[in-house]
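Encoded as structure tokens, the structure appears first; notes follow it.
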Amino acid sequence: MSIPLISRLPPLPAVRDLLNLYRLQAVKQLSQNFLLDPKLTNKFVSAAGKITDGYVCEVGPGAGSLTRVILSRNVRQLVVVEKDKRFQPPLEMLAEASENRMSIIWGDVLSYNLQNSFPQDSNRDWNDVTPNIHIIGNLPFNIATPLIIKWLCAISERSDAWAHGRVRLTLTFQKEVAERMVAPIGTPERCRLSVMVQHLCHVQHKFTIPGRAFVPKPNVDVGVVHFTPLIVPKIKAPFSLVEKVARTTFSFRQKYCRRGLEMLFPTSMRAEQVETLLRLADVDGTLRPFELSVEEFDRLCQAYSVILEKFPSLARYNSRSTDGIHDIFFADEL
């Protein structure tokens, strides 16, 4: 295993001292938890792979404990996206010490497009090797799942950061969420998120950081997860359709998958169309949702697409609305 090159920053105050100096305490409403242990921050950045001479976007740098490690790995350029302007003094100190290798974006990453954060000459064709572009972040728990869903959609569309190619991500999640992402078929942790992640990415739960390593200590342990987008998604359907089928199937997790799949259709056509769906997909309706493979979800999505061609208005059907209203709405298609 090669040892990454180190580019030493000038002497700087310790992050812990900066937190004390500027009276920077974690804000509970923002789900902030600081990771200050140098061994763990180094291990975290190493989980991203070789970032030397690459381009990195760090999400939620806070006071910059991970940021320092990233800069020390001889990255060509680092962009950090931070919402909390209380961290302006320590981050600007790092930017100044970085010799123009670091820039700061003040804003909410949930609404920020990363496409312009990386230069065009770093692009790689989607079918080529992964570009030397990395997204790294110790994510606040309250945005972690919405953010990865947003980015999975962007991966499926090859937009946002993924206009540059198969950009890799290394992110933190609550340990239980990390376990769901990598959960194999038939395990209690398998859920909608397992399907959404695994059909688009090769995903690895790299290691777990105990909660006691963070300041303040959260009530849960934290998983570091690495994502590499697949060249060919395992489910050949638009992201919104895959999400709808997976969400609906898992809405009755402990029942036969047939029960959840029924909810794709209004009551007046439910019995007939769920049989058509299962037949076209060649899926056993008595399997539980967590027993279905990604390949079986692919067939379900393809079968649902065939049914949508016959009944286009089904695309707008939401089982959480009143079935009676939808029955009237779909009457002209029956």
Side-chain angles (χ1 to χ4, degrees), residues 1-10 41-42 44-61 64 66-83 91-139 147-148 150-171 197 200-204 206 224-233 239:
M1 178 180 176
S2 61
I3 299 174
L5 297 173
I6 302 296
S7 176
R8 293 191 181 279
L9 294 168
T41 53
N42 271 283
F44 189 145
V45 175
S46 294
K50 183 182 177 183
I51 64 173
T52 302
D53 204 33
Y55 299 91
V56 178
C57 175
E58 183 190 358
V59 179
L66 277 179
T67 317
R68 297 182 182 210
V69 180
I70 294 168
L71 287 169
S72 75
R73 300 292 174 89
N74 281 350
V75 296
R76 184 171 296 185
Q77 195 67 40
L78 168 64
V79 176
V80 301
V81 182
E82 177 56 64
K83 182 178 182 178
L91 289 179
E92 288 186 345
M93 180 187 301
L94 270 179
E96 184 177 348
S98 74
E99 300 177 338
N100 297 317
R101 290 185 298 139
M102 173 179 162
S103 57
I104 306 168
I105 302 295
W106 298 104
D108 187 346
V109 71
L110 279 170
S111 57
Y112 186 70
N113 189 323
L114 298 175
Q115 181 169 349
N116 295 327
S117 298
F118 312 111
Q120 291 296 318
D121 61 10
S122 64
N123 288 12
R124 291 290 180 273
D125 185 85
W126 194 265
N127 297 322
D128 200 350
V129 296
T130 53
N132 196 0
I133 300 175
H134 307 263
I135 298 173
I136 297 174
N138 175 27
L139 301 180
L147 184 58
I148 194 59
K150 175 199 171 190
W151 281 344
L152 288 171
C153 182
I155 289 171
S156 73
E157 297 171 347
R158 303 183 188 182
S159 62
D160 207 303
W162 294 272
H164 295 271
R166 293 185 296 118
V167 173
R168 290 163 286 176
L169 309 98
T170 308
L171 308 168
V197 171
L200 287 165
C201 297
H202 174 61
V203 57
Q204 299 168 286
K206 287 288 193 175
V224 175
V225 183
H226 184 70
F227 306 80
T228 303
L230 299 172
I231 293 176
V232 180
F239 184 86

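Counting only distance, with no hydrogens or angles, the side chain of Lys150 and the backbone of Leu110 share a donor-acceptor pair below 3.5 Å. A donor-acceptor pair under 3.5 Å is formed between the side chain of Arg168 and the backbone N or O of Pro131. Judged by distance alone, the side chain of Thr52 and the main-chain N or O of Arg73 form a donor-acceptor pair under 3.5 Å. Side chain of Asp160 to backbone of Leu114: a donor-acceptor contact under 3.5 angstrom is found.
Between Ser46 atom OG and Ile51 atom CD1 the span is 8.0 Å, to the nearest 0.5 Å. Atom CG in Asn100 sits 12.0 Å away from atom CE in Met102 (nearest 0.5 Å). Expressed to the nearest 0.5 Å, how far CD of Glu58 lies from CG of Asn138 amounts to 8.5 Å. Atoms CG and CD, from Leu71 and Gln77 in turn, are 9.5 Å apart once rounded to the nearest 0.5 Å. To the nearest 0.5 angstrom, Ile148 atom CD1 is 8.0 Å from Leu139 atom CG.
Looking at residues two or more places apart in sequence or on another chain, you find a side chain to side chain contact (heavy atoms under 4.5 Å, CB included) between Glu157 and Cys153, Ser159. Applying the side chain to side chain contact (heavy atoms under 4.5 Å, CB included) rule to Arg158 yields the partners Trp126; only residues at least two apart in sequence or on another chain are considered. Taking Asn123 as the reference, Gln120, His164 meet the side-chain hydrogen bond (donor to acceptor under 3.5 Å, both in side chains) condition, with sequence neighbours excluded. Applying the side-chain hydrogen bond (donor to acceptor under 3.5 Å, both in side chains) rule to Gln204 yields no partners; only residues at least two apart in sequence or on another chain are considered. Applying the side chain to side chain contact (heavy atoms under 4.5 Å, CB included) rule to Ala163 yields the partners Gln115; only residues at least two apart in sequence or on another chain are considered.
Nearest heavy atom pair, residue Val167 against residue Ala161, reads CG2-O, 3.5 Å. Residues Ser122 and Phe118 approach most closely at OG-CB, 4.1 Å, considering heavy atoms. Of all the heavy atoms in Leu152 and Cys201, the pair that sits closest is CD2-SG, 4.1 Å. Closest non-hydrogen pair, Ala47 versus Val224, comes out as CB-CG1, 4.3 Å. Smallest separation of non-hydrogen atoms from Arg68 and Leu94: CG-CD2, 3.7 Å.
No side-chain heavy atom of Val56 sits less than 4.5 Å from a side-chain heavy atom of Val45. Looking at heavy atoms from C-beta onward, Val109 lies in side-chain contact with Trp151 at the 4.5 angstrom threshold. Using a 4.5 Å cut-off on side-chain heavy atoms (C-beta onward), Leu78 and Ser98 make no contact. The shortest side-chain heavy-atom distance between Leu171 and Val225 does not fall under the 4.5 Å cut-off. Within the 4.5 Å cutoff, side-chain heavy atoms of Trp162 are placed close to those of Ile135. Contact check for Tyr55 versus Ser117: no side-chain heavy atoms found under the 4.5 Å cut-off.
Looking only at atom types and distance, the side chain of Arg101 has no donor-acceptor partner in the side chain of Asn74 under 3.5 Å away.
Applying the salt bridge (charged side-chain N to carboxylate O under 4.0 Å, His left out) rule to pairs touching residues 104-124 yields Lys83-Asp108, sequence neighbours excluded.
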Go through it in stages, so that I can follow the logic: the residues are Tyr112 and Val59, the test is side-chain contact (heavy atoms from CB on, under 4.5 Å), and I'd like the CA-CA distance, side-chain angles, deciding distance and then a yes or no.
CA-CA 11 Å; Tyr112 186 70; Val59 179; over 6 Å; no

